[in-house]
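Because only heavy atoms are used, hydrogens play no part in the values below, and waters and symmetry mates are left out as well, while side chains stay in. In what follows, every chain begins at residue 1, and chains take the letters A, B, ... in the order their sequences are listed.
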Amino acid sequence: MVEIALKLENIRKTYGTTIKTEVLHGINLSIEAKSFVSIVGQSGSGKSTLLNIIGTLDRPSEGKVEIFGKDVASLKKRDLAKLRNTSIGFVFQHHYLLPEFTAYENIVMPYRITHRQLPKSVQEHANDLIKFVGLEAVKDNLANEMSGGQQQRTAIARALINRPKIILADEPTGALDTDSTEQVYKLLRDINRRFGTTFIVITHDKKVAERTDRMIEIRDGAITLDLEMH
Amino acid sequence: MFTLNVAVRFLLKSRLQTFFIASGIAIGVGVLVFVGALITGLQEDLIDTTIGNSAHITVLDEKRNERFEADETLLANIISTDERIIAASRVIESGSAFIDSGDTTDPVLFRGVIFDDANAIYQFDEKLVDGNLPSSNDEVIIGVTLASFLEVSVGDPIDVTVPSGFPPANETYTVSGIFDFGSAQVNTRWVVASLTAGQSLLETHGVDAIEFQVSDVFMSDAIASALQTKLGDNYRVEEWQQSNQELLSGLEGQSISGIMIQAFVLVSVVLGIASVLAISVMQKSSQLGILKAMGATDQQSSLIFLFQGIILGLLGAVFGVIIGIALSTGFTMFALNPDGTPILEIIVRIEMVIFSAFIAVLASMIASLIPARRSARLSVIEVIRNG
Ligand SMILES: Nc1ncnc2c1ncn2[C@@H]1O[C@H](COP(=O)(O)OP(=O)(O)O)[C@@H](O)[C@H]1O
Ligand SMILES: [Mg+2]
């Protein structure tokens with residue numbers, strides 16, 4: 001039986017207190033571990049809202065989120081932080097890196113949040129990741145001393161440092177040029193194959209979406225298309 | 001620790017901001033140290049002026065102007081009352097004595113003391129500017145003003161008359177030394193001989209008073225009342241605070257105004273740090289959002305700002321102490337009387353310096369609580385959405 005990485009049951013999200021707007025209308029979704037899933041849809045359709053709920057950064061107004069079988073509603077804020085730290089990697093469109101730290105320091109940051117020491121094994125892992133994402137030349141550079149593509153690849157390496165089971169990416173190439181976009185997607189795909197990491201990636205790019213395992217389209221807060229690609 | 005590391009990096013990233021706020025704290029601490037030292041200096045100076053040339057506690061006869069026998073037993077008995085009594089000196093005196101220099105007579109206060117004992121209170125030996133302490137019963141020491149007035153110097157004779165008896169007692173002494181107490185009163189009036197010389201001139205075996213010095217000048221009232229209880233009604237115990245109430249309330253007023261100044265300085269330091277760090281939370285919201293998304297807890301987010309406060313406080317404290325000591329030293333060095341002595345000897349107390357530094361760090365920590373709270377409350381979603 002295939003392991004289920006993520007299960008959403010009837011997820012609703014309502015914004016506002018006086019004027020209530022429901023932006024997600026009962027989403028049901030189940031995502032298999034190790035799959036590479038893309039979410040597409042027009043701007044304002046609710047993709048980011050959904051991804052933030054999946055990543056426990058936001059709570060649904062209604063419905064149930066299970067990550068690897070664990071219902072996150074029961075978790076306290078502190079436990080959610082721990083869950084994000086150990087099991088989920090984030091890649092955002094903006095806010096790539098902490099500009100006060102070098103690429104290498106940014107990459108080991110998620111580990112340092114929960115550990116006092118940085119053991120040799122983690123340092124080696126970090127260096128492997130740096131090699132893997134092709135950043136050896138700039139690993140000691142500060143964020144503003146790197147190109148947009150390099151910064152995003154640093155953020156990807158950072159998302160991997162704690163060997164998370166899921167990586168959530170919200171338009172990770174939205175601010176990048178075509179070449180960098182291609183590079184980044186190739187990288188994500190490689191990671192997925194090599195480490196078996198589950199990916200949920202929001203993208204505008206249909207061509208990118210078509211190359212994933214499964215494409216989910218959201219329109220006005222509801223899933224309108226769910227395609228297995230092979 | 002990662003929170004400390006992030007705090008340091010945040011401060012290093014905005015160097016200029018860090019520099020300004022740390023300078024602000026440093027100046028505040030400097031003022032704290034300086035004002036504290038100034039007030040301590042002023043107070044010690046005032047107290048010294050008031051009781052530097054007098055005893056802290058005086059034991060007199062019950063009727064005040066009668067003489068009484070004071071032997072070693074009585075003295076030992078008194079000293080054993082309280083271990084804070086550090087010196088005791090018997091004194092015989094006449095306030096109606098005068099010096100007859102042929103054409104003029106100058107009123108003086110003629111005192112007889114045992115110099116070995118009296119030095120512990122008056123430091124006659126250190127205040128001599130010429131000559132020596134009397135080595136025999138026909139020698140006296142006098143003040144510089146009196147000496148120049150009488151145009152006498154060491155080795156010259158002076159003629160002391162005490163009109164209390166009939167015929168008036170009269171004796172010629174040799175001036176063996178000249179002292180300077182820095183007090184016009186003492187320098188013009190005092191003529192000091194040995195106790196036996198005094199007793200012989202005044203034709204008595206008794207003393208007028210026993211004078212005491214205590215180690216803690218502000219405990220003189222308690223010690224005096226213990227003494228009074230012990231000695232009983234035949235004696236009358238006086239102490240300096242009782243007769244200097246105005247000075248004491250003046251000192252208190254000074255302390256309070258000093259504390260007020262220091263409190264206002266502290267408040268402005270706290271407000272400065274709080275506002276800078278609060279702005280910093282806004283500036284760093286993107287970083288904080290990322291950290292929280294990666295699993296940093298709310299506590300860790302607030303620690304980052306608490307540490308920034310503490311670091312700023314420590315930096316400010318170190319440089320502030322340097323500024324404060326420099327100011328105090330500068331004041332002592334450059335604010336001088338015409339004769340080149342400092343207007344005021346400023347006293348930098350180590351415990352006060354440590355206290356000021358500690359208060360600065362504590363204040364910085366408190367100031368960083370509000371930004372820390374903000375940082376803890378910062379919502380990841382807001383940050384990500386508004387990126
Ligand atoms: N905090 C909020 N308050 C009110 N409305 C919001 C808030 N966040 C998002 N929305 C609305 O929810 C809808 C979905 O937004 P979002 O999930 O960001 O869409 P997408 O990522 O697909 O562009 C949009 O109409 C947006 O305006
Ligand atoms: Mg979006």
Task: Atom pair CD1 (A/Ile107) and CZ (A/Arg112), whose distance is rounded to the nearest 0.5 Å - done: 13.5 Å

TODO: With the side chain counted from C-beta on, respond yes when A/Pro119 and A/Val122 share a heavy-atom pair under 4.5 Å apart, and no when they do not.
DONE: yes

Open item on the list: Less than 4.5 Å to any heavy atom of chain A: does that hold for the side chain of B/Asn5, its backbone, both, or neither?
Closed with: both

- [ ] Using heavy atoms and a sub-4.5 Å threshold, report which of residues 6-25 of chain B line up against chain A, by residue number.
- [x] B/Val6, B/Arg9, B/Phe10, B/Lys13

Open item on the list: Please check this pair: side chain of A/Lys7 against backbone of A/Phe68, looking for a donor-acceptor N/O pair closer than 3.5 Å.
Closed with: no

TODO: Anything in residues 255-270 of chain B with a heavy-atom distance to chain A below 4.5 Å? Please list those residues in order.
DONE: none

Task: Atom pair CG (A/Leu160) and CD1 (A/Ile191), whose distance is rounded to the nearest 0.5 Å - done: 4.5 Å

Open item on the list: So if I take each residue of residues 46-55 of chain A and look for any heavy atom under 4.5 Å from a heavy atom in chain B, which residues do I end up with?
Closed with: A/Thr49, A/Asn52

Task: Residue, of A/Met109, A/Arg84, A/Arg116, A/His115, that accumulates the most heavy atom pairs under 4.5 Å with chain B - done: A/Arg84

Task: Rounded distance (nearest 0.5 Å) linking atom CD1 of A/Ile39 with atom CD1 of A/Ile223 - done: 7.5 Å

Open item on the list: Tell me whether A/Gln151 contacts the main-chain N or O of A/Met146 through its side chain, where contact means a donor paired with an acceptor under 3.5 Å.
Closed with: yes

TODO: Check whether any side-chain heavy atom of B/Met294 sits under 4.5 Å from a side-chain heavy atom of A/Leu98, and report yes or no.
DONE: no

Open item on the list: Within the 4.5 Å heavy-atom criterion, are A/Arg158 and A/Leu97 side-chain neighbours or not?
Closed with: yes

Task: Side-chain touch A/Phe90/B/Ile384, heavy atoms, less than 4.5 angstrom - done: no

Open item on the list: Let me confirm one number: the CG-NZ distance from A/Asp58 to A/Lys13, rounded to the nearest 0.5 Å.
Closed with: 3.5 Å

- [ ] Answer yes if the side chains of A/Asn85 and A/Thr114 hold a donor-acceptor pair under 3.5 Å, and no otherwise.
- [x] yes

- [ ] Pull out the residues in residues 305-314 of chain B that come under 4.5 Å of chain A, heavy atom to heavy atom, sorted by number.
- [x] none

Task: Contact check, side chains of A/Val65 and A/Thr56, non-hydrogen atoms, under 4.5 Å - done: no

Task: Atom pair CG (A/Leu6) and NZ (A/Lys165), whose distance is rounded to the nearest 0.5 Å - done: 13.0 Å

- [ ] Take A/Arg78 and B/Asp298 through the test salt bridge (charged side-chain N to carboxylate O under 4.0 Å, His left out) and record every step on the way to the result.
- [x] CA-CA 8 Å; A/Arg78 173 178 281 274; B/Asp298 292 348; over 6 Å; no

TODO: Select, from B/Thr297, B/Thr3, B/Ile381, the one with the greatest count of heavy-atom pairs under 4.5 Å involving chain A.
DONE: B/Ile381

Task: Pairwise distance OG(A/Ser147) to CD(A/Gln152) - rounded to 0.5 angstrom - done: 10.5 Å

Task: Test item: B/Arg349 and B/Phe355 side chains (from C-beta on) under 4.5 Å apart, heavy atoms - done: no

Open item on the list: Given heavy-atom pairs under 4.5 angstrom as the criterion, report whether the side chain, backbone, both or neither of A/Pro99 touches chain B.
Closed with: both

- [ ] Please tell me if the side chains of A/Gln42 and A/Arg219 come closer than 4.5 Å, counting only heavy atoms from C-beta onward.
- [x] no

TODO: Output the option from A/Gln117, A/Lys82, A/Lys77 having the highest count of non-hydrogen pairs under 4.5 Å with chain B.
DONE: A/Lys77

- [ ] Evaluate the ring planes of A/Phe36 and A/Phe199, with Trp represented by its six-membered ring, and classify them as parallel (under 30°), tilted (30 to 60°) or perpendicular (over 60°).
- [x] parallel

Open item on the list: Are A/Val108 and A/Gln123 packed together at the side-chain level, in the sense that at least one heavy-atom pair is separated by less than 4.5 angstrom?
Closed with: no

